[in-house]
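We count ligands from 1, going down the list as the structure has it; atoms in each ligand are counted the same way.
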Amino acid sequence: MRPIRIALTKGRLEKSAVELFERMGLDCTELKNKGRRLILPVGEYEMVLAKANDVLTYVEHGVCDIGFVGKDTIAEKGGNFYEMLDLGFGRCRFAVAGPDGCDIFTGHREMTVATKYPNIASQYFESRGMDVRLIKIEGSVELAPLLGLADAIVDIVETGQTLKENGLSVIEEIMPISARTIVNVASLKTRKNEIQKFTNGIIKALSL
Ligand code: PRP
C-alpha cells in the first residue's frame with residue numbers, strides 16, 4: 001500500500017507546516033531541500049506540494065488522504081471531504097476594503113466589487129441585502145479600486161500592510177481564517193488508524 005499522502009498548500013502555509021512536522025518528530029530534510037520537486041518524503045509520509053484549490057481537488061478525489069489548506073479556500077470552493085483540525089496558524093481574515101474613508105453601505109448606486117472569492121463575496125453582500133456587481137480578479141485585488149475598476153474589494157487581510165501601502169482600509173471584517181486539515185472521506189474509513197496517528201501527532205505537537 002502507498003504511504004499516507006498529504007497535500008500541502010505551497011507558499012504562505014509551508015513554513016508553519018514544516019515547523020509543525022518537525023515538532024511532530026518527522027524528518028523534513030527532503031522537504032526543506034526540495035528544489036523543484038513536488039512530491040517529497042516526510043518521515044513515513046508522502047508530501048505533495050500543490051496550489052490551495054488543487055489541495056481540495058486531490059483530497060476530494062482520494063489521490064491524497066490529507067490536506068493542509070486555508071479556511072478561505074475551503075469556504076470559497078467547498079467540496080466533499082472532512083474538515084478535521086484548526087491548526088491555528090495562517091491566521092488572517094476576509095474583509096471588505098476600499099479607498100480610505102469610502103462608504104459602501106449608504107447611497108443607491110450599485111457597487112462594483114473586485115474579489116478572488118466571488119462565492120464568499122456574494123454570500124456576504126446577500127446577507128447585507130446589497131446588490132453588487134462582482135468582478136473576479138486572480139491576485140493583487142487591491143489594484144482594482146486603484147485602477148478605477150471597482151469601488152471596493154473582498155479579500156484576505158493578514159497584517160493590513162498591503163491595504164495601508166495602497167491607500168485602502170478595512171470597511172468591515174467578514175470572517176476569520178486559519179489553516180485547516182482536511183481528510184478524504186474514504187481514507188478516513190479505510191486508513192483510519194494511520195490518519196488518527198497523524199492527527200493525534202498534530203494535536204500533541206500543537207499543545208506543546
Ligand atoms: C494576500 C491578499 C492581500 C495580501 C494581504 O495576497 O490577497 O493582497 O495577501 O496581506 P497583508 O494584509 O499582510 O498585507 P497574496 O500574497 O496571497 O497574493 P495574491 O494577491 O496573489 O493572492
Side-chain angles (χ1 to χ4, degrees), residues 6-21 31-32 34 36 38 47-60 64 67-79 83 85-104 111-128 130 132-182:
I6 301 162
L8 172 60
T9 302
K10 287 197 278 191
R12 279 172 187 250
L13 300 183
E14 249 181 276
K15 197 168 156 258
S16 305
V18 170
E19 282 168 17
L20 173 64
F21 299 147
L31 183 58
K32 285 158 86 179
K34 63 182 189 298
R36 304 292 291 175
L38 298 170
M47 204 60 62
V48 175
L49 293 169
K51 290 245 187 194
N53 279 328
D54 300 335
V55 167
L56 301 193
T57 304
Y58 293 139
V59 172
E60 179 162 351
C64 293
F68 279 64
V69 66
K71 180 69 182 176
D72 53 322
T73 308
I74 298 173
E76 174 65 22
K77 190 171 167 359
E83 187 183 321
L85 297 174
D86 182 342
L87 296 166
F89 56 75
R91 279 189 193 282
C92 49
R93 54 217 185 268
F94 273 124
V96 199
D100 294 340
C102 92
D103 177 7
I104 58 163
M111 293 290 158
T112 300
V113 174
T115 186
K116 212 169 133 177
Y117 302 92
N119 291 327
I120 298 291
S122 65
Q123 276 166 32
Y124 167 76
F125 287 109
E126 232 167 72
S127 76
R128 303 232 16 162
M130 288 168 74
V132 302
R133 185 167 75 104
L134 291 175
I135 297 180
K136 174 100 194 282
I137 297 291
E138 291 301 330
S140 298
V141 180
E142 294 85 356
L143 278 171
L146 300 180
L147 297 174
L149 179 67
D151 301 292
I153 62 173
V154 165
D155 199 18
I156 285 170
V157 181
E158 189 181 358
T159 61
Q161 202 60 25
T162 312
L163 291 179
K164 195 170 165 206
E165 291 189 21
N166 291 290
L168 305 169
S169 45
V170 170
I171 298 169
E172 191 166 85
E173 296 197 353
I174 299 179
M175 71 181 256
I177 297 164
S178 56
R180 309 293 163 101
T181 57
I182 57 169

For residues 151-159, please give each side-chain donor-acceptor pair under 3.5 Å, one per line with the distance, not counting sequence neighbours.
unit_1	atom_1	unit_2	atom_2	d
D151	OD1	R109	NH2	2.9
D151	OD2	T112	N	2.7
E158	OE1	R12	NH1	2.2
T159	OG1	Q161	N	3.1

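- Residue L31 holds its CG atom at 6.5 Å from CG of L8, rounded to the nearest 0.5 Å.
- Here the side chains of E60 and K77 are not in contact, with every heavy-atom distance at 4.5 Å or above.
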Residues 138-146, side-chain donor-acceptor partners within the protein, below 3.5 Å, at least two apart:
unit_1	atom_1	unit_2	atom_2	d
E138	OE2	K136	NZ	3.3

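- With contacts defined as side-chain heavy-atom distances shorter than 4.5 Å, the pair D72/F94 qualifies.
- The protein residues lying under 4.0 angstrom from ligand 1, judged by non-hydrogen atoms, are R12, K116, G139, S140, E142, D155, I156, V157, E158, T159, G160, Q161, T162.
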Considering only distance and modelled atom types, tabulate donor-acceptor pairs under 3.5 Å from the side chains of residues 170-181, sequence neighbours left out.
unit_1	atom_1	unit_2	atom_2	d
E172	OE1	Y124	OH	2.6
E172	OE1	R128	NH1	2.8
E172	OE2	R128	NH1	2.9
E173	OE2	R93	NE	2.8
S178	OG	D86	OD1	2.8
S178	OG	D86	OD2	3.3
S178	OG	R180	NE	3.2
S178	OG	R180	NH2	3.3
R180	NH1	E83	OE2	2.8
T181	OG1	L85	N	3.0

